[in-house]
**Student:** 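First, the structure itself, so that you have it in front of you.
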Amino acid sequence: MNATTAFSESIEPYLNYTRMPWGRLFYLTAWEQIGTFMPDKSQYILDIGCGFGISSSEYSRRGHRVTGIEPTPEMIAIAAKEGPDVSYLGDSFERVAGNLGTHDWIFCHNILEYTEDPEQFVQRIGSCQQQNGYVSLIAHNPAAKVMKKAILNKDPDSALASLSSNKEYSGLIQTEFTVYPYEQLAGWLQAAGYEIEERFGILNLYGYIADNEIKQDEDWHNRMVQLELELGKLSPYRDVAIFTHIIAKKSSC
């Protein structure tokens, strides 16, 4: 099953995930980290694999001009309803990259894991980036697949076996994907003409807390948000976060 088909068949559970406290925290954290570098003036933003258009709609509401790309028909239909001022393209980035022009900011959030040639994908991102523009790249952290198996699943054998594999399985999407270490992601970005500005973590401790009931407590959740935002800037916490978030700037050279 290819990634687009897998996402098409997982629309309801995936949409529900984005509405849960942990889903909301993912976006809130990503936006907070992006905000460290994004200027106040309106930007041209390209949101690759925009999914339900959550980030696209948010930044459109903030006054930015956003183009969202998503190959999954069911997702792009939902996105178009939620963000009518966003320019949406129902296609794959690989097919349309040459016709997109350049952008101040590019979002590539949890996309590389599902691509056939991630290094080439990053090169295509660079071709759509304005000089001195920024890319926000978020990807699953390989350390997290080991941590989750050992801590959440209480399965040390599976955790040990996963050390020698770069494959992970999403129970939510019900498909396999590939994880890449920070050093590899950073190397691809640098080869595409980027300079790494910052590395963050998303769901640093929150992703390893099995008690989902307490996450529904608004006061507890808000206090955890503040902790997560601080931990995401610091090692060793960001090194074991569920997601790695890289902000990189396209070199003017």
Side-chain angles (χ1 to χ4, degrees), residues 1-3 6-7 10 14 17-18 22-23 25-27 29-30 33-34 48-49 51 93 106-126 135-192 194-210 227-248:
M1 182 187 302
N2 64 38
F7 278 97
S10 307
Y14 189 29
Y17 171 89
T18 67
W22 40 93
L25 178 57
F26 171 89
Y27 288 101
T29 305
Q33 292 166 351
I34 289 169
I48 301 172
F93 174 65
I106 298 178
F107 298 164
C108 179
H109 297 168
N110 300 338
I111 303 301
L112 287 186
E113 296 92 324
Y114 302 98
T115 63
E116 293 184 4
D117 189 341
E119 185 173 9
Q120 182 60 38
F121 197 94
V122 173
Q123 287 289 333
R124 286 195 177 101
I125 290 175
V135 64
S136 162
L137 190 152
I138 299 176
H140 287 77
N141 181 4
K145 69 183 175 66
V146 179
M147 301 280 284
K148 286 189 291 185
K149 287 177 173 62
I151 297 172
L152 296 178
N153 299 344
K154 301 179 179 65
D155 186 352
D157 296 331
S158 180
L160 183 61
S162 71
L163 285 171
S164 59
S165 173
N166 66 348
K167 299 296 184 181
E168 179 64 301
Y169 184 80
S170 170
L172 179 64
I173 309 302
Q174 297 189 14
T175 191
E176 189 177 66
F177 61 91
T178 308
V179 293
Y180 304 102
Y182 164 75
E183 293 77 13
Q184 192 169 22
L185 298 171
W188 289 338
L189 286 166
Q190 289 163 347
Y194 287 94
E195 297 176 357
I196 307 301
E197 294 290 314
E198 188 57 271
R199 173 191 182 181
F200 296 105
I202 297 178
L203 301 183
N204 305 274
L205 297 181
Y206 195 101
Y208 301 112
I209 299 174
L227 176 61
E228 282 287 319
L229 292 177
E230 290 302 315
L231 295 181
K233 308 171 188 175
L234 306 171
S235 290
Y237 313 104
R238 65 183 179 180
D239 305 324
V240 295
I242 302 297
F243 300 100
T244 295
H245 186 190
I246 302 173
I247 303 289

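Numbering starts at 1 and runs along the sequence shown.
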**Student:** Mind checking the CZ-OG1 spacing from F200 to T29? Nearest 0.5 Å is all I need.
**Tutor:** 11.0 Å
**Student:** Restricting to side-chain hydrogen bond (donor to acceptor under 3.5 Å, both in side chains), what partner residues turn up for N141, sequence neighbours left out?
**Tutor:** none
**Student:** Considering all heavy atoms of both residues, which atom of A6 and which atom of T175 are nearest to each other, and what is their separation?
**Tutor:** CB-CB, 3.7 Å
**Student:** Any idea which heavy atoms bring L205 and E228 closest together, and the distance?
**Tutor:**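 The pair with the smallest heavy-atom distance is N-OE2, 2.9 Å.
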**Student:** Looking only at heavy atoms, what is the nearest atom pair of N166 and K145, with distance?
**Tutor:** CA-CE, 4.4 Å
**Student:** Measure the OG1-OH distance between T244 and Y182 for me, rounded to the nearest 0.5 Å.
**Tutor:** 9.0 Å
**Student:** Taking everything shown except Y237 itself, do over 12 heavy atoms lie less than 6.0 Å from its OH?
**Tutor:** no
**Student:** Under 4.5 Å between any side-chain heavy atoms of D239 and R199, yes or no?
**Tutor:** yes
**Student:** Can you tell me which residue among W188, Y180, F93 is in a ring-ring contact (aromatic ring centres under 6.0 Å, His included) with F121?
**Tutor:**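 Running ring-ring contact (aromatic ring centres under 6.0 Å, His included) over W188, Y180, F93 with F121 returns exactly one hit, F93.
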**Student:** For residues I138 and A30, report the shortest heavy-atom separation together with the two atoms involved.
**Tutor:** CD1-CB, 3.8 Å
**Student:** Once rounded to the nearest 0.5 Å, what's the spacing between atom CG of L112 and atom CG of L185?
**Tutor:**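 That separation rounds to 6.5 Å.
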**Student:** Listing request: all side chain to side chain donor-acceptor pair (under 3.5 Å) pairs with a residue in residues 108-118, at least two apart in sequence or in separate chains.
**Tutor:** H109-S136, E113-H140
**Student:** Look up atom CD1 in I125 and atom CD1 in I48, then write down how far apart they are to the nearest 0.5 Å.
**Tutor:**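 Nearest 0.5 Å value for the CD1-CD1 distance: 4.5 Å.
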**Student:** Looking only at heavy atoms, which two atoms of A186 and I246 are closest? And how far apart?
**Tutor:**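 Reported closest heavy-atom pair: N-CD1, 4.3 Å.
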**Student:** By side-chain hydrogen bond (donor to acceptor under 3.5 Å, both in side chains), which residues pair with Y206, not counting sequence neighbours?
**Tutor:**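 Counting only residues at least two positions away or on another chain, Y206 forms a side-chain hydrogen bond (donor to acceptor under 3.5 Å, both in side chains) with H221.
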**Student:** Drop me the distance from L231's CG to R238's CZ, to the nearest 0.5 angstrom.
**Tutor:** 11.5 Å
**Student:** Checking R124 now: which residues fulfil side-chain hydrogen bond (donor to acceptor under 3.5 Å, both in side chains) with it, not counting sequence neighbours?
**Tutor:** none
**Student:** Identify all side-chain donor-acceptor contacts of residues 151-161 below 3.5 Å with residues at least two apart in sequence or on another chain.
**Tutor:**
| residue | atom | partner | partner atom | Å |
| --- | --- | --- | --- | --- |
| D155 | OD1 | D157 | N | 3.4 |
| D155 | OD1 | S158 | N | 3.1 |

**Student:** At their closest point, which heavy atom of I173 faces which heavy atom of S10, and how far apart are they?
**Tutor:** O-OG, 3.1 Å
**Student:** If I take atom CD1 from residue I247 and atom OH from residue Y194, how far apart are they, to the nearest 0.5 angstrom?
**Tutor:** 11.5 Å
**Student:** Suppose the criterion is salt bridge (charged side-chain N to carboxylate O under 4.0 Å, His left out): which pairs have a residue in residues 165-174, not counting sequence neighbours?
**Tutor:**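 As it turns out, the salt bridge (charged side-chain N to carboxylate O under 4.0 Å, His left out) pairs with a partner in residues 165-174, which skip direct neighbours, are K149-E168.
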